[in-house]
Amino acid sequence: LEKEALEKVKQVTSLKDLQDVRVSYLGKKGPITEVLRGMGKLSKEERPVIGELANKVRQTITDAIDERKAVIEEEEMERQMEEETIDVTLPGRPVRVGGPHLLTSIVEEIEDLFIGMGFEVREGPEVETDYYNFEALNLPKGHPARDMQDSFYITEELLMRTHTSPVQARTMNQYQGSKSVKMICPGKVYRRDTDDATHSHQFTQIEGLYVDKNVRLSDLKGVLNRFAKQLFGEDREIRLRPSFFPFTEPSVEMDISCKMCHGDGCSVCKQSGWIEILGAGLVHPRVLKMAGYDPEVYSGFAFGMGPERIAMLKYGVDDIRHFYTNDIRFLKQYHQA
Ligand code: PHE
């Protein structure tokens, strides 16, 4: 019996067959169990002899099975490793990576540009008080120019900021005339507008402020000229046109020449050769005064622009809504390889 069992063990090649062998020889219905079960019928003298023999046979078969099992497992593992080896010479599958949003890129580009001219970047709350959003910027309650920026009010005194100018008012107010200010403030702003190709109820602004002794309109023009050339190309010209903002006096709008624009921006541009980029001016004396700056000593310039508009002109984007709907086919075009 032992011999026969050992022979079978040697022949099996799979774990399943081995288990079958184990059951047939050592299982409850197997011959050894049968022998042990029949012990009661044997004489006193035979019992220990047969018992010892049966146990020995069982042990031998068990050992053989265990040993065989280890060997089969080893073989199995080896086979698996052979089958599953990785061909390192195969070309890899490309990993798709994301990239910064076009709007993020343009804001960072503009930030870097002004940082290079010594401006610091400041941020402020999007839920703003009526005071900082309007009052401190020479827009008292009931001022008709408040209608230029139709607002989302939260309470009578709180609203979603309509521009980032309140960040400038806050900064000046914090310093109370104690030092000069040279800052830009990028951020989200909100206006009650019907969304279309050129309007959005929420958009982005970057405004700048420089307050110091003897700041003049020519300083503003110099900074804006550098900005426009660096962003759009050295062959661009700028021009300032008179305009109106309650917080600046005089106020101007800046155009850039558009010799090398592309996309739909061009059709707007071709007739006059100029396209409006931003609003600016010299800080109104009343705004300086309210923030604790003596307008006899200090003067300053301020400007404000919409990065969406800038990106639309620079890259020929025809609809402002592309910035917010996040169609990957649109966004992908502006990812650097
Ligand atoms: N705050 C103005 C706006 O949102 C832009 C601006 C800023 C104009 C600074 C002039 C000077 O319309």
Side-chain angles (χ1 to χ4, degrees), residues 107 110-111 114 119 121-126 128-140 143-152 159-173 181-193 198-212 215-225 227-228 238-256 276-288 290-291 293 295 298-310 320:
V107 168
I110 296 169
E111 280 178 10
F114 281 105
F119 288 76
V121 179
R122 286 206 163 223
E123 290 183 351
E126 286 172 33
E128 190 50 279
T129 60
D130 184 271
Y131 179 78
Y132 282 118
N133 194 81
F134 287 130
E135 206 108 353
L137 298 165
N138 197 29
L139 275 153
H143 194 293
R146 281 197 181 203
D147 296 346
M148 283 164 75
Q149 304 183 353
D150 222 347
S151 324
F152 290 112
L159 71 159
M160 301 309 289
R161 68 179 177 194
T162 56
H163 46 184
T164 54
S165 309
V167 184
Q168 309 178 330
R170 282 173 177 277
T171 306
M172 285 194 288
N173 202 58
V181 181
K182 202 174 183 188
M183 58 174 286
I184 55 164
C185 38
K188 292 193 185 90
V189 300
Y190 303 81
R191 290 185 197 179
R192 272 167 58 164
D193 253 328
T198 52
H199 294 84
S200 172
H201 62 282
Q202 184 246 292
F203 58 103
T204 317
Q205 270 198 337
I206 299 181
E207 297 202 1
L209 173 72
Y210 177 37
V211 175
D212 208 336
V215 176
R216 296 167 302 174
L217 199 61
S218 53
D219 297 314
L220 171 66
K221 192 168 183 182
V223 165
L224 292 183
N225 190 37
F227 156 75
I238 66 160
R239 72 174 185 189
L240 302 180
R241 280 180 293 106
S243 183
F244 172 78
F245 298 104
F247 25 84
T248 46
E249 184 59 39
S251 301
V252 296
E253 262 164 51
M254 182 180 97
D255 299 335
I256 58 164
E276 188 203 318
I277 289 285
L278 54 79
L282 290 186
V283 182
H284 198 290
R286 224 175 282 157
V287 172
L288 289 171
M290 274 187 277
Y293 281 78
Y298 279 98
S299 57
F301 67 68
F303 56 86
M305 68 184 94
E308 283 93 341
R309 184 175 163 76
I310 304 244
I320 194 169

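Read the numbers this way: they start at 1 and go in the same order the structure lists the ligands and their atoms.
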Taking 4.0 angstrom as the limit, do R241 and D255 come out as a salt bridge?
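Salt bridge flag = yes for D255 with R241.
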
Ring-plane angle category for Y210 and F119, please: parallel below 30°, perpendicular beyond 60°, tilted otherwise.
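Rings of Y210 and F119: perpendicular, over 60°.
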
In this structure, is the centre-to-centre distance between the rings of H163 and F245 below 6.0 Å?
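No.
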
Would you please name every residue forming a side chain to side chain donor-acceptor pair (under 3.5 Å) with S251, sequence neighbours left out?
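Partners of S251 by the side chain to side chain donor-acceptor pair (under 3.5 Å) criterion, ordered by chain and then number, come out as T248.
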
Exercise: identify the closest heavy-atom pair between S243 and E253:
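Distance-wise, the nearest heavy atoms are OG-OE2, 2.7 Å.
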
Hey, what polar pairs (N/O, under 3.5 Å) does ligand 1 make with protein?
from: ligand 1; atom 1: 1 (N); to: H163; atom 2: ND1; distance (Å): 3.0
from: ligand 1; atom 1: 1 (N); to: S165; atom 2: OG; distance (Å): 3.0
from: ligand 1; atom 1: 1 (N); to: E207; atom 2: OE2; distance (Å): 2.8
from: ligand 1; atom 1: 4 (O); to: R191; atom 2: NH2; distance (Å): 2.8
from: ligand 1; atom 1: 4 (O); to: Q205; atom 2: NE2; distance (Å): 2.7

Candidate list H199, R309, E308, test side chain to side chain contact (heavy atoms under 4.5 Å, CB included), partner I320, passing option
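One option only clears the test, and that one is E308.
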
